[in-house]
Amino acid sequence: DGGITQSPKYLFRKEGQNVTLSCEQNLNHDAMYWYRQDPGQGLRLIYYSQIVNDFQKGDIAEGYSVSREKKESFPLTVTSAQKNPTAFYLCASSSRLAGDQETQYFGPGTRLLVL
Amino acid sequence: GEDVEQSLFLSVREGDSSVINCTYTDSSSTYLYWYKQEPGAGLQLLTYIFSNMDMKQDQRLTVLLNKKDKHLSLRIADTQTGDSAIYFCAEKGAGNNRKLIWGLGTSLAVNP
């Protein structure tokens, strides 16, 4: 089955700890995205990557870091500098090869909670 | 900057039609999208429309686009309890920018 997987489904972070959220896709998409979702605030873009070994900051990149060493994978690290990390994190991917509309496809999300 | 606005809540009775509205500001929008999010889940693409189209229909879903007024709507015919979810409107600008501009989402409640 083609799709996007995110793990874990739930993640707990202690104060001062870095945690990494996994995102993998087997859709052969070139672009990948990380969003943060808070109640009543919709989706906010954290980082996105259009090709391997390259990524750009989104609207709320502070306190987060990413890497794109493989086309299939785009892990997000929530660092201790992110003071309010509790949120639902969504990963998405897209491809221009599928057409100019470049639909973004989403994973099931990871809920991060602070202990 | 570009903005997308939606009303936050909509309540309908089962079997009625639902109309969810969205307005946007980017006059260079190329594509507009509707996504559905069920509780605790990721977003699922429902449909999209190219900016030179006025209407697109797909089974129970009808999308209307008024480009002059920058107004997009999603009509769900014969709304069912399984349609209860948050519906997001998003728009894609012209050029190489691959980012989408998202609305805050409309929470649809379907009452039996």
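None of these values were measured; they are calculated from a predicted model. Protein chains get the first letters and strands the later ones, always in sequence-line order, with residue 1 at the start of each. Quick note: numbers below take in every heavy atom, side chains included, and nothing from hydrogens, waters or symmetry partners.
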Donor-acceptor pair, D69(B) side chain versus H71(B) backbone, under 3.5 Å?
no
Can you say whether Y35(B) sits under 4.5 Å from chain A via the side chain, the backbone, both, or neither, judging by heavy atoms?
side chain
Honestly, the part of Q37(B) sitting under 4.5 Å from a heavy atom of chain A is side chain
Residue selection (most heavy-atom pairs with chain B, distance under 4.5 Å) from R111(A), Q104(A), Q6(A)
Q104(A)
Close aromatic pair by centroid cut-off 6.0 Å: F106(A) and Y35(A)
yes
Considering all heavy atoms, the nearest E14(B)-P112(B) contact:
OE1-CA, 3.7 Å
So, the side chain of T106(B) versus the backbone of Q6(B): is there a donor-acceptor pair under 3.5 Å, distance only?
no
Given heavy-atom pairs under 4.5 angstrom as the criterion, report whether the side chain, backbone, both or neither of L45(B) touches chain A.
side chain
